[in-house]
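Below is one structure; the comments refer to it alone.
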Amino acid sequence: MSKKENLRLSSILIRWYEENKRDLPWRDTVDPYIIWISEVILQQTRVDQGLSYFNRFIQRFPAVRDLAEAGEDDVLKLWQGLGYYSRARNLQAAARMIMDEFNGIFPAGYKDVLSLKGVGEYTAAAIVSFSYDQPYAVVDGNVYRVLSRIFAIDTPVDTSKGKKLFSELAQSLLDDARPGLHNQAIMEFGALQCVPVSPDCGNCSASFMCMAYAGRNVGAYPVKEGKQKIRDRYFNYFDIRYGEYMYLHKRTGRDIWQNLYELPLLETEKELSHDDLGGNKGLGNFFEKDKSLFIKHVRNIKHVLSHQVIYASFFQVEINEALTDDKYLRIRVEDAGQYPVSRLVHKYLDEL
DNA sequence: AAGCCGGGGCG
DNA sequence: CGCCCAGGCTT
């Protein structure tokens, strides 16, 4: 493709963008901090889902220093329900990097931005192109979809070969005179016009040059290779009540929901049978054997993640002397809402 | 290169 | 129920 042809595609996308773009708060600024927050929130997340989180986040942490100086629980609490919580933890780690290594000034060089924790090639390109109009092409899910269709590329996007191919293609198509606008345009075009399922190609200003449309197989793109395996897990949560108190536990280790809180948990290989509930396989993990306890099964919740299905059972247990194990945090029941928790635990707490 | 990390919306 | 989404980190 000639440079002239490349610019033709870019100008078509930009023209479409100027007529169809949504009015979004992070488009009113070139402040790299604001752009950064919005981009991280939007990783693997739809605008509709992330918008209210963005507004609350910026209100609570208007500048890098506010985020760097906050407690992690506060940051996670604001992130609660959005998923992929490493984004929130990395966001704060990066804010502290900016304070310590960049004198509190958001870096402007692509390499420096890329060095920030939680910032990969996509996000770095987005930040420097939107904030400083530097010529780095973004490659996200939208770009894969738009380019694979227009050029009918059947190289799987989820391979290193595909990533390389698409990032080189995207870079060659970039309008160096207005990279920020170009990047916004191609992503918005993917989000609104060149949508994943049943795009309205009859009403598309780029369909005349779309090779997938010409081949009548737009739905076949983008090609993806892998589908991930899904694991079943069985979580037994114990809502242990001691008067006006209940207990929480902070998740650590390399697993889901790192640094979020939850009820005391017993994970089992299979569904916990009624017979095993009181014994060593069940409550014996929390209390002395043969202790007589009042246990009530409250509810079951099936919680689906992208890579796991969690079958959760919730039990309430009344005790009359405090738990001694200090890995459990004793809190007032009424304060439970102050702690960052997963959607699953929130579903339970919310309906008490 | 492959696996892991959330949650919601859609047909 | 399966698929997708303004990806990045770890191994």
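All of these numbers come straight from a predicted model, not from anything done at the bench. The sequence lines fix the lettering, A, B, ..., with proteins before strands; numbering per chain opens at 1.
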Checklist outcome for this item: Residue pair A:Gln49/A:Asp255 against DNA chain B: nearer the 5' end by closest nucleotide is A:Asp255
Checklist entry - Contact class for A:Gly190 (heavy atom, under 4.0 Å): base, sugar-phosphate, or nothing? => result nothing
Checklist entry - C:dC9 and B:dG8: how far apart are their P atoms, nearest whole angstrom? => result 24 Å
Checklist entry - Any Lys/Arg nitrogen of A:Arg22 or A:Glu188 sitting under 4.0 Å from an Asp/Glu carboxylate oxygen of the other? => result yes
Item to check | Residue-phosphate contact under 4.0 Å: A:Lys302 side-chain N/O, C:dC1 OP1/OP2 | outcome: yes
Checklist entry - Is A:Glu168 salt-bridged to A:Lys164, going by a charged N under 4.0 Å from an acidic O? => result yes
Next on the checklist: Between C:dG8 and B:dG9, how many Å separate the two P atoms, rounded to a whole number?
Outcome noted: 24 Å
Item to check | From B:dC5, C:dC5, C:dA6, nucleotide with atom closest to A:Tyr122 side chain | outcome: C:dA6
Next on the checklist: For a quick check of understanding: with a heavy-atom distance under 4.0 Å over all strands, which category does A:Ser306 fall into, base, sugar-phosphate or nothing?
Outcome noted: base
Item to check | C1' spacing across the pair C:dC5 / B:dC5, given as an integer number of angstrom | outcome: 15 Å
Next on the checklist: Just the rounded figure in Å: distance from P of B:dG6 to CZ of A:Arg233.
Outcome noted: 10 Å
Item to check | A:Arg251-A:Ser342 side chain donor-acceptor pair, cut-off 3.5 Å | outcome: no
Checklist entry - Counting only side-chain N and O atoms of A:Gln44, is one of them less than 4.0 Å from OP1 or OP2 of C:dC5? => result no
Next on the checklist: Please classify the nucleic acid contact of A:Leu82 as base, sugar-phosphate, or nothing, using heavy-atom distances under 4.0 Å.
Outcome noted: base
Checklist outcome for this item: A:Lys117 NZ to C:dC9 P, in whole Å, measures 9 Å
Checklist entry - Is A:Thr123 side chain donor-acceptor paired with the C:dG8 base, going by distance under 3.5 Å alone? => result no
Checklist entry - Does the distance from a Lys or Arg side-chain N to an Asp or Glu carboxylate O, for A:Lys21 and A:Glu18, drop under 4.0 Å? => result yes
Checklist entry - Per the ring-ring contact (aromatic ring centres under 6.0 Å, His included) rule, which among A:Tyr122, A:Phe151, A:Phe166 passes with A:Tyr144? => result A:Phe166
Checklist entry - Taking the side chain of A:Ala191 as its heavy atoms from C-beta onward, which of C:dG8, B:dG6, C:dA6 lies nearest to it? => result C:dA6
Next on the checklist: From CD1 of A:Ile34 over to C1' of C:dA6, roughly how many Å is that when rounded to an integer?
Outcome noted: 17 Å
Checklist outcome for this item: With the side chain defined as heavy atoms from C-beta on, A:Trp26 is closest, among C:dG7, B:dG7, C:dA6, to C:dA6
Item to check | Phosphate OP1/OP2 of B:dC4 contacted by A:His307 side-chain N/O (<4.0 Å) | outcome: no
Item to check | Protein-nucleotide distance (A:Tyr17, atom OH; C:dA6, atom C1'), rounded to Å | outcome: 12 Å
Next on the checklist: Test side-chain hydrogen bond (donor to acceptor under 3.5 Å, both in side chains) on A:Tyr237 and A:Glu262; report intermediate values, then the result.
Outcome noted: CA-CA 8 Å; A:Tyr237 279 121; A:Glu262 64 188 357; 2.6 Å; yes
Checklist entry - Closer than 4.0 Å, any side-chain N/O of A:Tyr85 to the OP1 or OP2 of B:dG7? => result yes
Next on the checklist: When you measure only distances, ignoring hydrogens and angles, does the side chain of A:Arg46 come within 3.5 Å of the base of C:dC4 through a donor and an acceptor?
Outcome noted: yes
Checklist entry - OP1 or OP2 of B:dG6 sitting under 4.0 Å from any side-chain N/O of A:His303? => result no
Checklist entry - How many Å lie between CZ on A:Arg87 and P on C:dC5, as a whole number? => result 15 Å
Item to check | Touch class at under 4.0 angstrom, heavy-atom based, for A:Val119 against every strand present | outcome: sugar-phosphate
Checklist entry - When you match A:Lys224 and A:Gly118 each to their closest nucleotide on DNA chain C, which lands nearer the 5' end? => result A:Lys224
Next on the checklist: Classify A:Asn142 by what it touches in the nucleic acid, base, sugar-phosphate, or nothing, heavy-atom distance under 4.0 Å.
Outcome noted: base
Checklist entry - Taking the side chain of A:Leu305 as its heavy atoms from C-beta onward, which of B:dG7, C:dA6, B:dC4 lies nearest to it? => result B:dG7
Checklist entry - When all nucleic acid strands are considered with a 4.0 Å heavy-atom cut-off, which category describes A:Arg145: base, sugar-phosphate, or nothing? => result sugar-phosphate
Item to check | Donor + acceptor pair across side chains of A:Gln193, A:Asn20 (<3.5 Å) | outcome: no
Next on the checklist: Given A:Phe106, which partner from the list A:Trp36, A:Tyr132, A:Tyr33 fulfils the ring-ring contact (aromatic ring centres under 6.0 Å, His included) test?
Outcome noted: A:Trp36
Checklist entry - Does A:Arg254 have a side-chain nitrogen or oxygen under 4.0 Å from the phosphate oxygens OP1 or OP2 of C:dT11? => result yes
Checklist entry - C:dA6 and B:dG11: how far apart are their P atoms, nearest whole angstrom? => result 16 Å
Item to check | Of A:Leu116 and A:Pro222, the one whose closest DNA chain C nucleotide lies more 5' | outcome: A:Pro222
Next on the checklist: I need the CG-P distance between A:Asn90 and B:dG6, as an integer number of Å.
Outcome noted: 12 Å
Next on the checklist: Nearest whole Å is fine: how far is C:dG8 P from A:Trp36 CH2?
Outcome noted: 13 Å
Checklist entry - So what does A:Trp79 hit on the nucleic acid, given a heavy-atom distance under 4.0 Å: a base, only sugar-phosphate, or nothing? => result nothing
Checklist outcome for this item: Rounded to whole Å, CD of A:Glu121 lies from C1' of C:dG8 at a distance of 10 Å
Checklist entry - Of A:Gln308 and A:Ser198, whose closest DNA chain B nucleotide lies nearer the 5' terminus? => result A:Gln308
